[in-house]
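Everything numeric in this text was worked out from a predicted model, so none of it was measured. Labels below follow one simple rule: chain letters A, B, ... track the order of the sequence lines, proteins then strands, and each chain is numbered from 1.
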2 protein chains.
Amino acid sequence: MFTLGIDYGTNSVRALVVRCADGAELGTAVVDYPSGNQGVILDPRNHLLARQNPADHVYGLEKSVKQALAAAKKTPGFDAAKVVGIGVDTTGSSPIPVDAKNVPIAFQAKFAKQPAALCWLWKDHTAIREAAEITALAAKMRPAYIAKCGNTYSSEWFWSKILHCKRTAPSVFKAAYSWVELADWIPSLLAGVEDPKDVVRGVCCAGHKALYADDWGGLPDVEFLSALDPALADLRERLYQKAYDATTAAGALCPAWAKKLGLPAGIPIAIGEMDVHYGAIGSGVCEGTIVKVIGTSTCDCGVVSAKKKVRDIPGICGIVRGAILPGFYGIEAGQSAVGDIFKWFVEGILGDVKKHASLTAEAAKLKPGQSGLLALDWNNGNRTVLVDPQLTGLMLGTTLYTTQAEMYRALIEATAFGARVIIERLKEYGVPIERIVCAGGIAEKNPLLMQIYADVTGCTMLLAGSSQACALGGAISAAVLAGAHPDFPTAQKKMTRLKKISYKPKRANQETYEKIYQIYRKLHDSFGGLDSKADLGGVMKELLEIKSSC
Amino acid sequence: MFTLGIDYGTNSVRALVVRCADGAELGTAVVDYPSGNQGVILDPRNHLLARQNPADHVYGLEKSVKQALAAAKKTPGFDAAKVVGIGVDTTGSSPIPVDAKNVPIAFQAKFAKQPAALCWLWKDHTAIREAAEITALAAKMRPAYIAKCGNTYSSEWFWSKILHCKRTAPSVFKAAYSWVELADWIPSLLAGVEDPKDVVRGVCCAGHKALYADDWGGLPDVEFLSALDPALADLRERLYQKAYDATTAAGALCPAWAKKLGLPAGIPIAIGEMDVHYGAIGSGVCEGTIVKVIGTSTCDCGVVSAKKKVRDIPGICGIVRGAILPGFYGIEAGQSAVGDIFKWFVEGILGDVKKHASLTAEAAKLKPGQSGLLALDWNNGNRTVLVDPQLTGLMLGTTLYTTQAEMYRALIEATAFGARVIIERLKEYGVPIERIVCAGGIAEKNPLLMQIYADVTGCTMLLAGSSQACALGGAISAAVLAGAHPDFPTAQKKMTRLKKISYKPKRANQETYEKIYQIYRKLHDSFGGLDSKADLGGVMKELLEIKSSC
């Protein structure tokens, strides 16, 4: 038996064919989105805007699956007829405005050039004002709504984006019968769902992102939504009543798509989850294991048994029952930009896409503290623990002799310090952390970064066995749903593994980074608004002191 | 009648032949120093170190003067026999260890590879610890010593450097019979002085840099120097008792050098001054006129009549009677790096020396505040008003879309904000500022920078008429000494002028920069240690607010 995982990333979509018995990856294919700037539609006048074209999603679906199946066919014993399920993950919250037939309104000619009609990509921050408004209203009217997401509703999330659309592109809002998360829409497309109300919604995206919880009867109530905008209260009717965890199927593969892809019609489609959540499953997440998916941004995922009482954790944006694994609270934290910061520096500032490797090699020769530099990793705001998209990057300690490699390393270190803030916050609130398993392109390809993370956090960094952990997680979910394994722990045991390499903290480096981290915290708390009286007068000298002792 | 100005910069030496009657510049020549990195000997393991080779100074002297005279000969009526005086300016404090014959000990074979035997260039910061020690001792024992230099003795200055030499290169210290400032040594070389005690020392370099003042009988007393190090007290004997302003000649041209250069022997050599001081004279400094010499670093020079009482000004490093013009207190402030910061960013970070022009063009298209960036101009420490070499550069407000041109402009703006801090401090303490005249390569070549300076400071920026203001100032001093003009004001009136172009503040830009300057001051005071309770929590949002209103 085999299952198929399909992973919609920021720049491309990947399909992966997996053998249920042992997790062997038989075929894979990556298809880049044809639109925009590497798949992202930007607005040069507004750096907050980031959209995707749903047509790219449809195009990439067919192409990637067909290619992955073709690749798998080279393995003896594989047959597309033996594919028993499909699991899909995507970025999120990435809502799409759809018509009454569940078709993206971007497909209508009159909206073809209207960015508001596209898929509102997770990292779109245009709705900052609306997020602040929702945060303020919830604090006043419904504090429980935001207690589980760090008491701050994000501009990256469902309601902020829809409200911003209503205000800035009313014709799009009016034309939209409903809004569907990309993670729910792709399964519904495969299942041939033709009414948005019939789309099976995953609790993973619904959770804190759409303020959904069983505790208060699903989506936010009409009174609350009316206070934001009566149109949102009307929309509520056309959204959904209930969201599901991965024990429920999103549907069955419809004949049309079965034919298109060359797969058996009627096989189950797992509930759509966010990429990092399925990535966590594919990396072996369980109680005590935090999975870090390190890519353009970083997501940290953990689970705590639903039998335990989980306190709200300030600044942690998502604690949702069933969001990752059924029967567990899913805990999600993250850093809004990691790889994106390195990419910006190397490609945007240095203007040389080929330089990543040589800079990494040079940066690896530097000792901790040797550059005298310290950076804040906020070029795309701060998700955890400050939950503030309106923060920006900072670098201090530059001299007339500061080099490219020193700055590059300082940016890597900044993301490591940001990672440590998250780990410390989770531990402080009792989330058990016995292992950290890393996944994602950067974790695999950048040993320097991994060693710095180990040295800064004091934790051994393990590596997920699969390079395609998100797609693998989708395939695992499909395998459980199809009955290939009795439950997730069993499926994970059979279908996931760790790489042999791991990164252990080095004592001397740890000691230096401990000192620098204290300075990072000072800057973090000061510029992040946590400490209005931080004394920064000695900061530059402290860094020079550390530098001179290197 | 003609005079010759010779200007020793950081990377090259320039000679200029000037007609006394009208300041016409008849011949000029620039000679690059052959040693080190563009004339500066660096230590890759210690970014604080910066030295020059005295052999370069001698080599450049002969070559530049001969070339300048050759060029002048093309003008009808010029004759080298009609050159009536020579004026020399150099960087400072740039002391040279010399033997009992006034020969740099670097010329001895055994010291050829010893950086401590070279000329300790103004921007050498290796003596940070010694500077702090002198500051602390003076505060305790002789507060008056440092009251006129912002209550802080600098690592760039005479005693710090000599004490650091004693401690880190004792063999060099022992071999040095005496130490002579480059500004005094070149005139003494031309005058054929063969005993360091006979070198006529200028009060310009002696002033606060060697803690010389008539008030306390010249150099610091034996008791004070002994408390630092008994060897310094011994050295005092072999330095000098008295330092002179520009009414006294440094000597007369000796036959050997007269022959070498093709000039009349016996013509007077003006007292050596620091480059910016003669630059101020060559740019028309007088009471009410501040001269900004904008180059690798920036110096601000003003004068106040010696008949008035001048208060000590906190953070202003030099208020010395006769340091610029005889009969006036010379006031000197400055920024440790200006052009050097742009050079670092473009050549050191972007790695493309050719990019200055295109970045300037792109940056000129941006509006004030549009980048959302704010930088501190401290890549080489802060001279005025913080007097702290152990400060470093900072840039904040970066996003994933920040461009090279935005960063470049932010660095220019940072130096403009730094310039404004100086102007405000001077005004606050009653130094009259009616005009700002700018000189130096950057002032002439970068209209964008000049407009930003006008917009940030609210002052019209005028341009000195000569592109060689420092050398011209030396030539003016020589002309007064030789009797070509009765006094400096008359000589300046005849021999200096302004360029026709000037930069007036633009109202709209001023308003935006006013807001950003307030944020700059907050960062400046916080990181500079003036305000230990600055609340920086809103800073990034304020910049984004300004950006979004652009």
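Contact count versus chain B (heavy atoms, under 4.5 Å) is highest, among A/Leu350, A/Leu42, A/Asn46, A/Thr402, for A/Thr402. Chain B forms the most heavy-atom pairs under 4.5 Å with one residue out of A/Gly372, A/Gly348, A/Gly529, A/Gly397, and that residue is A/Gly397. When the candidates B/Ser526, B/Pro44, B/Ala405 are compared by the number of heavy-atom contacts under 4.5 Å with chain A, B/Ser526 comes out ahead.
Within the 4.5 Å cutoff, no side-chain heavy atoms of A/Leu394 are placed close to those of B/Met395. Looking at A/Leu376 and B/Met540, their side chains come closer than 4.5 Å, going by heavy atoms from C-beta outward. The closest side-chain heavy-atom distance from A/Leu400 to B/His47 is not below 4.5 Å. With a 4.5 Å cut-off on side-chain heavy atoms, A/Thr398 and B/Thr392 do not count as touching. B/Lys541 has its side chain within reach of A/Leu391: a pair of non-hydrogen atoms, C-beta onward, lies under 4.5 Å apart.
Once rounded to the nearest 0.5 Å, the distance linking CG of B/Leu523 with CG of A/Leu396 reads 10.0 Å. Put simply, CD1 on B/Ile349 and OH on A/Tyr408 are 14.5 Å apart, with the number rounded to the nearest 0.5 Å. The distance from atom NZ of A/Lys533 to atom CG of B/Asp535, rounded to the nearest 0.5 Å, is 9.5 Å.
Ring geometry, B/Phe527 versus A/Phe527: the interplanar angle falls under 30°, so the pair is classed parallel (tilted spans 30 to 60°).
Residue contact with chain B, scored on non-hydrogen atoms closer than 4.5 Å, is absent for A/Asp352. For chain B, the nearby part of A/Ala534 is the backbone; its heavy atoms alone come within less than 4.5 Å. Contacts between A/Lys343 and chain B at a heavy-atom distance below 4.5 Å are absent for every atom of the residue. For B/Lys547, the part sitting under 4.5 Å from any heavy atom of chain A is the side chain, from C-beta outward, and nothing else. Within the 4.5 angstrom heavy-atom criterion, only backbone atoms of A/Thr403 (N, CA, C, O) approach chain B.
By the 6.0 Å contact criterion, CD on B/Glu545 is open, its count of non-hydrogen atoms from other residues, nucleotides or ligands being 12 or less. The number of heavy-atom neighbours closer than 6.0 Å to CZ of B/Arg129, taken from other residues, nucleotides and ligands shown, is 12 or below.
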